[in-house]
Amino acid sequence: MNGNMMHLPLTIPSLLAFAASRHRDTEVVSCHSGGRHRRSYGEVWGRVNRLAKALLELGVRRGDRVGTIAYNDSRHFELYYAVPSIGAVCHTINPRLDPENLRYVVAHADDRLLFVDARLLDAVLGALPDYPLQRLIALEDAAQPARPATLRYEDLLTAQSDAALNIAIGEEEASGLCYTSGTTGRPKGVLYSHRSTVLFALAMCSANSTAVSALDAVLPAVPMFHVNAWGMPHAAPMAGAKLVLPGADLSGRHLATLFNEEQVSLAIGVPTIWNGLLEHLGGSGDRLPAGIRLGVGGSALPRKMIDAFEGMHGATMIHGWGMTETSPTGAAGIAHHASRALPVEDLRTLRETQGHALWGIDLRLVDDDSGEVAADGKTAGHLQVRGHWVANAYFNEPQHDAFRDGWFDTGDIATIDERGFLTLTDRAKDIIKSGGEWISSVALENIAQTHPAITEAAVIAVPHPKWQERPLLIAVRAQSSEITEAELLGHFDDKVPSWWRPDAVMFATALPRNGNGKVIKSQLRERFAAEPILQRSIVDSTGGWFREDYPDQQIWATG
Ligand code: ADP
């Protein structure tokens, strides 16, 4: 017997329609065109309706993909709502993609239109010389001089009225498309639905994750071109929170200014962004608004960062785990009621885990033969996931090994303890297999990063004639530090079994990172795997890698 309850589709336009009616004067603040602009949710909703009509006039139909190559600003936000409001799919594209991958994703998605930040237009035209100009729309002010043949965003809006279209949308229809970073192989598309997006936004409003509410001013310092800026552009209107969009400048100085002037109470970003903020705070003496919450994910949250933000700046850190295929958040690091009684040191350790699965997400660990392994906090396995905001296939690529038996194989290696806390120990492809045993690169990186003289660290496997693979540590020294290889290796004593200790240290001036701030380990492997590291002979002190015991022997150019 069914219940007698109404069934209304969970759709993306309903989020902004709600904010425009119940939180009409709450602001969307946006940094673009060289200034800071503010509009109310009511005004933004009117502009979204204008844009939706313009899209229809430009020939966009249900299911069509509309590409955006843009930063975190209000025009991008308007596209987030206008495109799905007519049943089309908002395909957010990373502006930092190299030309080949840009051509690949635009062709694979078959983007009907491309909305491009004016600053990126020349690069996009260069990379896509055959893309029809009349399907390119420049995100710029009407006052700016028109470029030949490309349309201008503000002109499109001027020609329309504010009234809503109210097109009926099914909750399972596609709404958004985001390609994975493609660090291995071609980028793969994840096609979100209205329903998955709304349920995910609801999860972000839960107090077990980021707890977005009408009391908040929310600043996403993760890009809107990647995984919907972790759902904040949807969660903020759902909750009636003020939204602060920082534009392209995510420097510590700019974020600190916005935090204080806009009274931001919740911001989310990857650890690299928060490192930049810490550096700025240290150098400038600026303070953070009292009680600010900082969400962190994408890579592990180092203890040093928790201590710095919570101990010195009065912030609260919220650690989450996820990926493009999981919208992204699957787990978040909120301690349990029972864990309040833990000794401080145990609680700190718990805070470093990737947290606890949110409602709506199931996690399990399996071994190489797909047999489930114990969630005992010790046994590591391949992390698999399923849930309301988890993909069940890649876009236009139905056959993929990662999706099997109703589960998605994340490519992460993890443990889960008896209380359900998730700890990532590695990416399956990054783990070091030494003499048939596994060494966690992440565990070694974390230890290296606890040394005050080290700011960044990456551990990779290098081939070894006897052990198959051994760990090599690549580290970046803090300014003015002269720590030696032997001193840094000594830091591992008593912290890991002796055979886990890296065989050598390379010092670097910076680690190669992709557009999302992740270390590109494949690049490090390419550089180092070919050379038998154990011959101790690598130097390049001119901005690349160097071994300090051979300061004048240069082997690799900086590249
Ligand atoms: P994104 O580009 O959003 O970071 P990707 O899908 O490219 O998403 O990468 C997801 C991967 O990032 C995860 O599979 C995991 O390896 C890593 N990751 C995400 N969050 C964390 C975290 N909190 N701690 C450690 N690794 C993380």
Side-chain angles (χ1 to χ4, degrees), residues 92-94 96-97 101 105 176-190 192 200 209-210 220-232 268-274 294-303 305-306 317-334 350-358 361 363 365 380 382-385 389-391 394 400 402 408-416 421-431 440-446 449 457-459 513-522:
T92 53
I93 302 171
N94 187 339
R96 300 186 201 112
L97 277 185
N101 275 316
V105 299
L177 177 63
C178 177
Y179 283 77
T180 58
S181 330
T183 39
T184 50
R186 285 290 196 189
K188 297 180 283 289
V190 177
Y192 306 110
F200 180 64
S209 61
T210 43
V222 287
M224 287 173 69
F225 56 76
H226 194 61
V227 210
N228 295 322
W230 301 358
M232 288 301 141
I268 52 163
V270 294
T272 321
I273 293 288
W274 299 142
L294 299 178
V296 194
S299 17
L301 167 61
R303 177 178 285 213
M305 191 174 276
I306 306 182
M317 306 297 281
I318 306 165
H319 188 192
W321 164 86
M323 53 204 308
T324 311
E325 292 86 338
T326 62
S327 295
T329 313
I334 301 291
L350 197 63
R351 300 279 314 284
E352 276 181 284
T353 71
Q354 274 71 17
H356 209 273
L358 298 173
I361 293 284
L363 302 176
L365 300 174
H382 298 271
L383 178 65
Q384 299 195 334
V385 58
W389 47 91
V390 179
Y394 288 118
H400 195 285
F408 168 64
D409 193 307
T410 62
D412 285 327
I413 306 289
T415 61
I416 298 175
F421 283 91
L422 170 74
T423 301
L424 290 206
T425 56
D426 230 321
R427 292 291 290 166
K429 62 183 185 327
D430 292 340
I431 202 141
S440 158
S441 68
V442 173
L444 299 182
E445 287 158 7
N446 288 345
Q449 278 168 351
V459 173
R513 291 184 185 272
N514 69 12
N516 307 320
K518 273 190 204 170
V519 176
I520 311 173
K521 287 201 176 173
S522 55

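As the structure is a prediction and not an experimental result, all values here were calculated from the model. Note that ligands are numbered from 1 as they come in the structure, with each ligand's atoms numbered from 1 the same way.
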Query raised in the report: Got a sec, which residues hit ring-ring contact (aromatic ring centres under 6.0 Å, His included) with Phe408, two or more places apart in sequence or on another chain?
Result: Phe403
Requested in this report: Tell me, please: is Leu424 in heavy-atom contact with ligand 1, that is, under 4.0 Å?
Outcome: yes
Report summary line: Heavy atoms of Ala457 and Glu445 approach each other most closely as O-CG, 3.6 Å
**Report entry** Thr324 contact mode with ligand 1 (heavy-atom cut-off under 4.0 Å)
**Finding:** both
Report summary line: If we number the atoms of ligand 1 from 1 as shown, the ones under 4.0 Å from a heavy atom of Val227 are 3 (O)
Report task. Indicate the atoms forming the closest heavy-atom contact of Cys178 with His226, along with that distance. Result -> SG-ND1, 4.0 Å
Query raised in the report: Does Gly411 come within less than 4.0 Å of ligand 1, judged by its heavy atoms?
Result: no
Report summary line: Scanning both residues in full, the closest heavy-atom pair of Ser327 with Phe200 reads O-CE2, 3.2 Å
Report summary line: Checking heavy-atom distances from atom 17 (C) of ligand 1 to each of Ala300, Ala414, Gly298, the winner is Gly298
Requested in this report: For Leu422 and Leu363, run side chain to side chain contact (heavy atoms under 4.5 Å, CB included): C-alpha distance rounded to whole Å, both residues' side-chain angles, the deciding distance at 0.1 Å, then the answer.
Outcome: CA-CA 9 Å; Leu422 170 74; Leu363 302 176; 4.2 Å; yes
Query raised in the report: Quick check: does Trp230 get an N/O under 3.5 Å from an N/O on ligand 1?
Result: no
Report summary line: Nearest non-hydrogen contact to atom 13 (C) of ligand 1 from the set Thr410, Val190, Asp412 belongs to Asp412
Query - Mode of Gln354 contact toward ligand 1 - side chain, backbone, both, neither (heavy atoms, under 4.0 Å) - result: side chain
Query raised in the report: Which atoms of ligand 1 sit under 4.0 Å from any heavy atom of His319?
Result: 22 (C), 23 (N), 24 (N)
Query raised in the report: Nearest heavy-atom pair of Thr410 and Arg427: which atoms, and what distance?
Result: O-NH1, 3.1 Å
**Report entry** Pairing residues for Tyr192 by the ring-ring contact (aromatic ring centres under 6.0 Å, His included) criterion, not counting sequence neighbours
**Finding:** none
Query raised in the report: At their closest point, which heavy atom of Gln354 faces which heavy atom of Ala300, and how far apart are they?
Result: NE2-CB, 3.9 Å
**Report entry** Proximity winner for atom 9 (O) of ligand 1, if only heavy atoms of Lys518, Glu352, Met323, Lys429 are counted
**Finding:** Lys518
**Report entry** ligand 1 contact on Ser299 by region, counting heavy-atom pairs under 4.0 Å
**Finding:** backbone
Query raised in the report: Any idea which heavy atoms bring Glu352 and Leu301 closest together, and the distance?
Result: CG-O, 4.4 Å
Requested in this report: For Gly320 and ligand 1, answer yes if some heavy atom of the residue is under 4.0 Å from a ligand atom, otherwise no.
Outcome: yes
Query raised in the report: Is the shortest N/O to N/O distance between Trp321 and ligand 1 below 3.5 Å?
Result: no
